[in-house]
Amino acid sequence: MIRFYPLLPLWLVVSVGILSLWLVCWATRNAFDLDSRRKNLLGAFRLFAVATVLLMMLCPGVVIREQNRQRSNVAVLLDCSGSMQTADVGHDTTRLEAAAKTLEKLRDSDFSGCKLHFYQFNSQTVPLKNGGDLTLLHGFGDTDLRRAFAAVDRDIGFSRTAAVIVLSDGLDHSGFSGATSGLPVFAVRCGTALTEAPDLRIDAFRQPEALSVNEEMSLEVPVALSGYPAGAEALLEMTVDGEKIRTETLNLKAGGTGTVNLRHIFKTPGIHEIKLSLNRLADEAGYLNNEREIMVEVVDNRKRVAAYFPVLTNSFRPLVRQLSSCGRKFSAVYRVNAGTCRVIGSDPDPVFERGLPPRADAMKHIDLLVLGAHRDGLLTPAEQSVIEQYVTGGGNLVMLGGTESFGKISAASPLYRLMPVRSDRIDFISGDFAVKVPENAINAFSERMAELCGSSAVLRGINRVTAVREGAEVLLWAEQAGSRYPLAAAVSYGRGRVIAVLTNSLHLWGRGNERDTNFGTFWEQMIAYAGNSRDELLKISLNTANPAADECLQLTVAVDLPPQELADPSFELTAALYPAGTSTVAQRRNPVRQGQIFTAGFGPLKTGRYVLEVGCRSSGREWYRRYRVVNVGNDPAELSELKVSDENFFKYCTAGRIYSPEDVGTMTADVLRVIRKNDIQREWYPVFETPWFFAAVLLPLLAGWYLRRRFNLF
């Protein structure tokens, strides 16, 4: 469409144009004595020149759309991982076959002149020349979209790519985010949710990322069956570090699910491998989801516990007996009289010889402090201040209930600021209370307690409080005659955690031997839960957990400790890589400090599985030790979850750009719209960008000059 952009005001251009035309007509009519033919020819030249000048003054412009040749490439990524061998796309068609048919259609599509680049990818990415021979493709390996997009960036460049089309079931293990590329990503969803396909599978379940030594792991494993009208028998086998632990048999109906509770206690720290395996049925859509491999980090349970009782209560002896029986290093301190304390335990700590030390730094090696009694007046202001500083610096505090605990405390007191609960008086009530876990509890402590709460065991008394502090989490409830009271509540404070246990009768929870089991389990889980905040002070991240054989590994460690502690000359942070299953060090590094961040680089390693161990120590004591699994040059196991849903694609694709194989035409049109948005749109001004207008003015004037000279009209 032509538009005009006058160089002068329009009224002035029109006025000048009318006057110029009148002058040309007048001059032509009153010209020299020429015949009419020559006079009209000379006038025509003049009129043409004037009209051209007027048109130039109006400055016409034309909008021109040009293809952006810089973004003139479309990448098509075909997933060839093992999960694509699943035959669930109707008529026993595999996901890979459905994706290959879609790619054939794309190969013949017109993408507005853009060049198509085809790749097949799993844990590696390989170009498909001219789309490749799709009949030779076979699914194997794992899905790694991160490497696939890196190949596109390497071969084409994101700045020269208009769009990326991914043909996949979306089961990516690399954690790739589409936002990192900045490209429009279109996905063709290949596969189903397996609700109709013949399949026996282990469904998704919650699994722990880290446990402590001697902490019991509990897995609720769901086993599902579909597509077998007569039902089937499922055999679930569990192995830990290659040793068979347990086998369960389930008789399932079509569309049914059975749940198996698997438990295990780890005795040594490090990375432990758990494998769950189901038997294989004939004609299953896929077998990958018949197995599940879990790598669990188990940290050394050397958490030191200190118990401080300003006055002896009935909680003291049961707690000491429990800590002694589990072989834990602990100190138990109770005040004999003013200025005199007694310290007992498996490893009595001399810092408590006079009670709580005057400085919180003296307790930095204590992972958990149990405060046996704390009503107003039992602790001096100095002791309360030390406890607050200890928790702020990353320590963990458990406040036990009883007739000498909680109650009204001044709002200016450090204990008031620490407590997860509020009370206006000491209100200890007796009776039988059932212990209940909150609905939708997601912490390991509450989950483990739920198993104990299923029995008929009751508590004999609790501290009743007026409210739970805002921001605190209730871990356990006590119920009596339809009324519910907080029994255990936790709140974060500084870098530590404070837990209120509102009873002193936990050692009487249950009957007979059940009491010792319940009491021991409670404290082991409580120590593990409370100590987790200390474990989180050492956080590990890697540039990749699956480096190639010639790729370097970069380690970053965040240490959340006070600067003065990091600056201590005795502070040391070490990192070592061990081949899995051995104690031989392959490479060891001392990460370099930059503030609270430590970094280190490992050179290329031989192909295999390694365990990365990171530990820090100071003052001759090891504080924390964490572990990670590193697979070098090995394809990691394909994800065992084979269900396909849109959620699989949301990490790298928006909801409006997910299509089924039948929607290729719609997707092609959408890709074309995106490509055209990249086209360059500009306005062309021929007056200034071509010489023809100036020639159109000059040539008539020269022709008129020639005629006048030819006939001596000057």
Side-chain angles (χ1 to χ4, degrees), residues 67-81 83-84 95-96 99-100 102-134 137 139-190 543-544 546-548 550-551 635-636 648-654 656-659 664 667-668 670-679:
Q67 186 176 5
N68 183 0
R69 292 296 174 185
Q70 184 181 8
R71 286 186 177 270
S72 59
N73 300 279
V74 174
V76 182
L77 306 178
L78 176 63
D79 185 356
C80 292
S81 64
S83 62
M84 294 292 285
R95 298 172 181 179
L96 183 56
T102 304
L103 190 144
E104 287 282 10
K105 297 177 183 177
L106 292 175
R107 186 163 22 186
D108 299 329
S109 299
D110 178 19
F111 285 96
S112 188
C114 283
K115 183 179 180 181
L116 292 180
H117 301 262
F118 298 94
Y119 292 86
Q120 62 170 331
F121 75 96
N122 39 44
S123 52
Q124 303 296 325
T125 303
V126 180
L128 284 169
K129 300 297 183 182
N130 300 319
D133 187 350
L134 302 181
L137 293 181
F140 65 94
D142 196 12
T143 307
D144 194 332
L145 263 175
R146 188 187 302 277
R147 292 183 187 271
F149 272 77
V152 172
D153 192 23
R154 181 191 65 236
D155 298 344
I156 307 171
F158 287 160
S159 62
R160 295 186 294 276
T161 304
V164 177
I165 301 173
V166 180
L167 311 177
S168 174
D169 54 13
L171 304 176
D172 174 45
H173 87 276
S174 67
F176 173 74
S177 172
T180 59
S181 68
L183 296 175
V185 180
F186 298 81
V188 178
R189 183 186 58 229
C190 303
N543 61 325
T544 175
N546 304 297
D550 58 347
E551 186 177 359
D635 293 343
N648 296 342
F649 299 89
F650 286 158
K651 294 177 183 178
Y652 54 88
C653 187
T654 58
R657 292 177 177 171
I658 303 173
Y659 308 84
V664 177
M667 183 190 69
T668 302
D670 291 345
V671 174
L672 281 171
R673 276 194 288 271
V674 169
I675 291 174
R676 290 185 181 122
K677 287 181 181 179
N678 291 327
D679 288 350

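Starting from 1, each residue takes its place in the sequence as its number. From a predicted model like this one, the values you see are computed outputs, not experimental measurements.
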State, with a plain yes or no, whether a side-chain heavy atom of [X] is found less than 4.5 Å away from one of [Y].
X	Y	answer
Phe186	Ile658	no
Val188	Val664	no
Asn648	Leu171	yes

Find the distance between [atom1] ([X]) and [atom2] ([Y]) and round it off to the nearest 0.5 Å.
X	Y	atom1	atom2	answer
Arg673	Thr668	CZ	OG1	11.0 Å
Tyr659	Arg189	OH	CZ	12.0 Å
Leu78	Met84	CG	CE	6.0 Å
Ile156	Ser72	CD1	OG	9.5 Å
Leu106	Phe111	CG	CZ	5.0 Å
Leu96	Ser81	CG	OG	8.5 Å

**Study point:** side-chain contact (heavy atoms from CB on, under 4.5 Å) assessment of Phe149 paired with Val185
**Key:** CA-CA 11 Å; Phe149 272 77; Val185 180; 3.9 Å; yes

**Study point:** Among His117, Arg160, Lys115, side chain to side chain donor-acceptor pair (under 3.5 Å) partner for Asn73
**Key:**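 Only one option passes, and that is His117.
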
Review point. Under 6.0 Å from the six-membered ring centre of Phe176 and within 45° of its axis: does the NZ or CZ of Arg146 meet both?
Key: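 The answer is no, since Arg146 fails at least one limit relative to Phe176.
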
Quick one: does any side-chain atom of [X] pair with a main-chain N or O of [Y] as donor and acceptor, under 3.5 Å?
X	Y	result
Asn122	Thr143	no
Asp142	Ser123	no
Thr654	Phe650	no
Thr161	Ala163	no
Thr125	Phe121	no

Exercise for review: Check Leu77, Leu103, Val126 against Gln120 for a side-chain contact (heavy atoms from CB on, under 4.5 Å) and give me the one that passes.
Suggested key: Val126

Practice item. Kindly give the heavy-atom pair with the smallest separation between Pro184 and Arg657, and that separation in Å. Key: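 Scanning both residues completely, I find the closest heavy atoms to be CB-NH1, 3.2 Å.
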
Under 3.5 Å side-chain donor-acceptor pair for [X] and [Y]:
X	Y	value
Ser168	Asp79	yes
Asp172	Tyr652	no
Ser83	Asp169	yes

Practice item. Using the test side-chain hydrogen bond (donor to acceptor under 3.5 Å, both in side chains), find all partners of Asp155 that sit at least two apart in sequence or belong to another chain. Key: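 Once residues adjacent in sequence are excluded, the partners of Asp155 under the side-chain hydrogen bond (donor to acceptor under 3.5 Å, both in side chains) criterion are Tyr119.
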
Exercise for review: For Arg147, enumerate each residue passing the side-chain hydrogen bond (donor to acceptor under 3.5 Å, both in side chains) test, keeping only those at least two apart in sequence or located in another chain.
Suggested key: Asp144

**Study point:** Residues Val76, Leu167; criterion side-chain contact (heavy atoms from CB on, under 4.5 Å); working and verdict
**Key:** CA-CA 8 Å; Val76 182; Leu167 311 177; 4.2 Å; yes

